[in-house]
Structures are given as C-alpha cells and as structure tokens.
*Asks:* 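Handing you this structure, nothing more for now.
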Amino acid sequence: MGPDGTAITSTIVTAEIIEKIVNLRGSVALTITVDGQVAVAVSYSNSVESAVHGAAPIDILVRNALNFENLRMEEASAADLRALLQRLQRSVDLVREAIDRMANYSKGP
C-alpha cells in the first residue's frame, strides 16, 4: 500500500496457490531483483526457506499493465497513468543514484 492507502500494484494469484499458502500458514512476498526481475516468493511457517514461484522483467509487467484492454478493464484514467509515470520516474532516479554510489565506491577515497 502506498502512504495514502492506495494499492501500488496488484498481482493475480490462483485460488489453488492461495489455498496452499493459507493451509500451510505461509506468506507471499513480491521482490524486485537488482536486474529488474519481479519475483513472487512464498515462505511457510514451518520452513526457513522460501521458494520463488515465478519472475518476470519489470518492463514486461509494465507493458502488460498498459495494454489497451487492461487499461479499459481497469478503467484507468490519465491521472492514474500520470501517477504511474511519476513512480517509474522516481524508480529510475533511485537506480541512477545507486549506480552513482557504486561508481563512487569503486573509485575509493
């Protein structure tokens, strides 16, 4: 959830997976890898390990979210798309900052 309580993203998970997670007292986490993959990890209360149940490149997820049919079904507005653009621009800024930090770190004192 965003600071104002709105959903930042949504993920479709099948009922079968949800049932298994609930029955085994598990949890689901979405993560973004440093190379731009969005992964779904499932962990269970009786296990230290978690299993990744799929990953997709972030740009493909954005492309799929922005296809015409999806925008129509979600009743997306120009304001929604501007909010997405702002979040993506902020994400790009964060990646650039990380690259700069790494470049400065590799130079040393």
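Numbers here are sequence positions counted from 1.
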*Asks:* Any side-chain heavy-atom pair from M102 and I99 closer than 4.5 angstrom?
*Replies:*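 No, side chains not in contact.
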*Asks:* Is any side-chain heavy atom of I58 closer than 4.5 Å to one of I32?
*Replies:*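 Side chain of I32 against side chain of I58, heavy atoms only: contact under 4.5 Å found.
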*Asks:* Once side chain to side chain contact (heavy atoms under 4.5 Å, CB included) is applied, do any residues pair with T33, and if so which ones, sequence neighbours excluded?
*Replies:*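 Scan of T33 (side chain to side chain contact (heavy atoms under 4.5 Å, CB included), adjacent residues dropped) gives D35, Q37.
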*Asks:* Going from CD1 on I60 to CZ on R63, what distance comes out if it is rounded to the nearest 0.5 angstrom?
*Replies:*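 Answer for the CD1-CZ pair, I60 versus R63, is 4.0 Å.
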*Asks:* Which residue pairs satisfy the salt bridge (Lys or Arg N to Asp or Glu O under 4.0 Å) criterion with at least one member in residues 91-106, sequence neighbours excluded?
*Replies:*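 Only R90-E97 qualify under salt bridge (Lys or Arg N to Asp or Glu O under 4.0 Å).
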*Asks:* Can you name the nearest heavy-atom pair linking N67 to N70, along with the distance?
*Replies:*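 Minimum heavy-atom separation between N67 and N70: OD1-N, 2.7 Å.
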*Asks:* So L71 and L66, side chain to side chain contact (heavy atoms under 4.5 Å, CB included) or not? Walk me through it.
*Replies:* CA-CA 6 Å; L71 293 174; L66 297 177; 4.1 Å; yes
*Asks:* Just jot down the salt bridge (charged side-chain N to carboxylate O under 4.0 Å, His left out) partners of E69, sequence neighbours excluded, or say none.
*Replies:*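 Residues passing salt bridge (charged side-chain N to carboxylate O under 4.0 Å, His left out) with E69: R72.
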*Asks:* Give a yes or no on whether L81 and V62 share a hydrophobic cluster (residues Ile, Leu, Val, Met, Phe, Trp, Tyr; joining criterion: side-chain heavy atoms under 4.5 Å apart).
*Replies:*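 Same cluster: L81 reaches V62 through Ile, Leu, Val, Met, Phe, Trp or Tyr contacts under 4.5 Å.
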